Amino acid sequence: MFIGMDDTDSVDGMCTTYLGAMLAEKLQRAGCIVAELRLVRLNPNVVWKTRGNAAVCLEVLDGKPEEVFAVACELVEEFAEFDCEKTNPGVVVVEEKPDPEYYYQALQRFCTIEETIQRLDAIKAQYRGYKCGRGLIGALAAVSSVLPDATYEYLAYRSKDRFGTPRTIQPESFFVSAKATAPHTWDTVDFTAETVVCVPHGKDPVLYGIRGESPEWVAASAEMLETEQPSLTKIWKTNQGTDAHLIEYAGAPEEGFSYKVFGTVASTPETERGGHVQFLFQPEIGEQKFTVFAFEPTKEFRHMVRKLLPGDIVTLCGSYQNGVLHLEKFCLHTIAAAELRTSPKCPVCGGRMTSAGRGKGYKCRNCSGRVRDAVEMPRDMREGWYEVPPGARRHLAKPVVRM
Ligand code: ATP
């Protein structure tokens with residue numbers, strides 16, 4: 001059977017994966033076999049999310065569905081952050097995996113509570129929605145999920161008496177571990193900014209999360225870390241780092257959808273107040289140009305975005321929100337030839353030259369020196385992928401190391 005849970009946490013505490021990990025422990029103690037712990041990230045653009053729009057699913061090979069359902073509900077009732085207005089837990093138990101179509105809808109589009117309940121009734125699932133029951137959406141999506149591409153996350157949880165206190169870690173050990181296991185693990189640290197990025201700072205129970213391509217690699221990486229003693233550790237199979245949220249662009253951007261879109265840079269990128277960089281983009285399909293943003297927290301990624309020029313042919317990946325594409329990464333396919341914006345030096349006397357007219361080259365004011373052709377600007381960029389730094393990466397975004 002499959003047990004799905006979602007929407008149990010608030011910014012002040014808890015984490016749905018922690019509840020899932022506790023449920024797995026409880027079921028194992030009761031003699032059930034927990035065959036898989038699964039963590040799925042759903043549409044990153046939903047407004048109801050607390051942090052990363054996560055939902056969990058446990059695959060249990062033994063035990064009675066009614067009993068497992070009762071244990072899951074008890075745990076939710078004991079630990080969910082019911083006082084938070086945005087916390088609306090949902091628990092679902094099914095004996096057969098439902099149609100994955102609903103998972104894709106929750107991952108790439110939007111769902112309503114009403115249609116979720118209709119589906120749950122249609123497949124005769126056991127379910128319970130608390131408060132407005134919105135968590136049923138993620139819980140049904142989690143049990144319906146399929147992972148044609150999957151990664152793993154080793155999550156270590158803190159002991160209860162430490163919740164809300166600063167986390168004790170030896171940062172150096174995270175750098176050692178990241179170096180020793182790269183490229184099979186990623187986003188443990190940011191080597192450029194020299195920061196640890198896999199340790200949260202909030203009041204939630206997570207001590208750290210190591211992401212990588214197999215259970216063996218994430219476990220090997222965690223083995224090297226020096227930290228306070230975790231109370232519980234679990235390896236989750238996930239859709240993180242797979243680009244599963246991206247859909248092919250079909251000609252018109254839709255609010256809240258995430259795209260992989262091919263086309264041409266249509267204006268010179270400009271840095272706006274607040275530090276975000278923006279440019280206009282012409283997709284290959286459809287007439288409509290749209291604006292692309294690289295936000296301030298994407299830090300040095302913006303330097304590469306600023307180097308783009310009109311005519312560059314690129315593939316962009318990102319979410320369309322509030323009328324602009326929020327850039328996660330881009331691939332530069334063809335670098336456009338661009339004329340030098342300042343005049344070159346005279347090849348005869350070394351003096352500064354002036355333009356002889358558009359496309360006619362340059363002439364020297366001091367001597368008879370001439371340059372007949374327009375001088376191309378050297379493009380300080382190579383073809384290939386460019387991505388945001390680890391600290392700014394969305395959970396679902398595939399790191400370039402996996403491309
Ligand atoms: P955390 O990552 O800390 O577990 P969270 O960011 O996952 O928190 P939730 O508390 O799970 O946030 O809130 C997300 C809510 O949005 C859930 O109720 C979930 O069922 C719902 N939801 C998820 N995907 C969609 C979707 N595509 N359309 C509508 N609602 C969705």
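Owing to the predicted nature of the structure, the values given are computational and were not obtained by experimental measurement. Quick note: residue numbers are just sequence positions, from 1.
Taking a 6.0 Å sphere around CG of D380, one finds it holds 12 or fewer heavy atoms contributed by other residues, nucleotides or ligands. A 6.0 Å sphere centred on CD of E194 holds no more than 12 heavy atoms belonging to other residues, nucleotides or ligands. For K131, the NZ atom counts as densely surrounded, since its 6.0 Å shell holds more than 12 non-hydrogen atoms of other residues, nucleotides or ligands. In this structure, R352 places its CZ atom where more than 12 heavy-atom neighbours from other residues, nucleotides or ligands lie under 6.0 Å away. For E115, the CD atom sits in a packed shell: over 12 heavy atoms of surrounding residues, nucleotides or ligands are nearer than 6.0 Å.
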**Message:** For D190 and K299: C-alpha separation, side-chain torsions, deciding distance, then whether salt bridge (Lys or Arg N to Asp or Glu O under 4.0 Å) applies.
**Reply:** CA-CA 12 Å; D190 180 333; K299 301 292 175 199; over 6 Å; no
**Request:** Kindly determine whether L225 and I169 satisfy side-chain contact (heavy atoms from CB on, under 4.5 Å), including the steps that lead there.
**Result:** CA-CA 8 Å; L225 304 178; I169 62 158; over 6 Å; no
**Request:** Show your reasoning for whether side-chain contact (heavy atoms from CB on, under 4.5 Å) applies to Y18 and D204.
**Result:** CA-CA 9 Å; Y18 180 59; D204 59 290; over 6 Å; no
**Request:** Assess whether side-chain contact (heavy atoms from CB on, under 4.5 Å) is satisfied between W186 and V400, documenting all intermediate values.
**Result:** CA-CA 10 Å; W186 50 85; V400 168; over 6 Å; no
**Request:** Step by step, work out the side-chain contact (heavy atoms from CB on, under 4.5 Å) result for V199 and F174.
**Result:** CA-CA 10 Å; V199 176; F174 285 73; 3.8 Å; yes
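With contacts defined as side-chain heavy-atom distances shorter than 4.5 Å, the pair L207/R162 does not qualify. With a 4.5 Å cut-off on side-chain heavy atoms, L396 and P44 count as touching. Contact annotation: the side chain of T298 never approaches that of L327 to less than 4.5 Å [non-hydrogen atoms, C-beta and beyond]. Inter-residue side-chain proximity for D187 and C198 is flagged as unmet; no heavy-atom pair is nearer than 4.5 Å. Side-chain atoms of F262 and I313, non-hydrogen and from C-beta on, do get closer than 4.5 Å to each other. For the pair T242/L147, no side-chain contact is recorded, criterion being any heavy-atom separation below 4.5 Å from C-beta on. The shortest distance between side-chain heavy atoms of Y130 and C73 falls below 4.5 Å. Between V348 and C364 there is no side-chain heavy-atom pair separated by less than 4.5 Å.
A donor-acceptor pair shorter than 3.5 Å can be found between the side chains of T271 and R306. Using modelled atom types and a 3.5 Å distance limit, the side chains of E81 and S10 yield a donor-acceptor pair. Between the side chains of T165 and R158, at least one donor-acceptor pair of N or O atoms lies under 3.5 Å. No donor-acceptor contact under 3.5 angstrom links the side chains of R41 and H245, judged on distance only. Judged purely by distance below 3.5 Å, without hydrogens or angles, the side chains of T188 and Y208 never pair a donor atom with an acceptor atom. Side-chain contact annotation: R402 with T151, donor-acceptor N/O pair under 3.5 Å absent.
In this structure, R302 contributes its side chain and G275 its backbone to a donor-acceptor pair below 3.5 Å. Side-chain atoms of T315 do not come within 3.5 Å of backbone N or O of C331 as any donor-acceptor pair. In this structure, R379 contributes its side chain and K307 its backbone to a donor-acceptor pair below 3.5 Å. Under the 3.5 Å distance criterion, the side-chain polar atoms of Q240 are left unmatched by any main-chain donor or acceptor of G212. Remark: the backbone N or O of S221 is paired with a side-chain donor or acceptor of S177 at under 3.5 angstrom. Counting only distance, with no hydrogens or angles, the side chain of D312 and the backbone of V265 share no donor-acceptor pair below 3.5 Å. The backbone N or O of S231 lies less than 3.5 Å from no partner atom in the side chain of K160, so there is not a single donor-acceptor pair. With hydrogens and angles ignored, the 3.5 Å screen pairs no side-chain donor or acceptor of N239 with any backbone N or O of V40. Checking side-chain atoms of K203 against main-chain N and O of F163 turns up no donor-acceptor pair under 3.5 Å. Side-chain atoms of R119 never come within 3.5 Å of backbone atoms of L140 as a donor-acceptor pair (strictly under, hydrogens ignored).
Taking all atoms of both residues into account, the shortest heavy-atom contact from W236 to T238 is O-CG2, 3.5 Å. Here the shortest heavy-atom pairing between V189 and A178 reads CG2-CB, 3.8 Å. Counting all heavy atoms, side chain and backbone alike, A21 lies closest to L232 at CB-CD2, 3.7 Å. Among all heavy-atom pairs drawn from T16 and D6, the shortest one is CG2-CA, 3.9 Å. The shortest non-hydrogen separation linking A55 to A142 is CB-CB, 4.1 Å. When all heavy atoms of C57 and V143 are compared, the pair lying nearest together is SG-CA, 3.9 Å.
In this structure, the separation between CG on L316 and CG on L246 is 11.0 Å, given to the nearest 0.5 Å. The NE2 atom of H326 sits 7.5 Å away from the OG atom of S319 when rounded to the nearest 0.5 Å. Here the CD1 atom belonging to I123 is positioned 9.5 Å from the CG atom belonging to D99, to the nearest 0.5 angstrom. The CH2 atom of W48 lies 15.0 Å from the OG1 atom of T87; values are rounded to the nearest 0.5 Å. Distance check: I137 CD1 to L42 CG gives 9.5 Å after rounding to the nearest 0.5 Å. With rounding to the nearest 0.5 angstrom, the OG1 atom of T8 is 11.0 Å from the CZ atom of F79.
Just one of Y320, F281, Y259 meets the ring pair (Phe, Tyr, Trp, His ring centres under 6.0 Å) condition when paired with Y249; it is Y259.
Using a cutoff of 4.0 Å between basic side-chain nitrogens and carboxylate oxygens, R109 and E254 are not scored as salt-bridged. Contact check on E77 versus R128 returns a salt bridge, with a Lys/Arg side-chain nitrogen under 4.0 Å from an Asp/Glu carboxylate oxygen. Between R393 and E387 there is a salt bridge, with a side-chain nitrogen of the basic residue lying less than 4.0 Å from a carboxylate oxygen of the acidic one. A salt bridge between K237 and E59 is absent, with no side-chain N of the basic residue lying under 4.0 Å from a carboxylate O of the acidic one. Between R51 and D9, at least one side-chain nitrogen of the basic residue sits less than 4.0 Å from a carboxylate oxygen of the acidic one, meeting the salt-bridge criterion.
In this structure, K97 is positioned above the aromatic face of F2, its NZ or CZ under 6.0 Å from the six-membered ring centre and within 45° of the axis.
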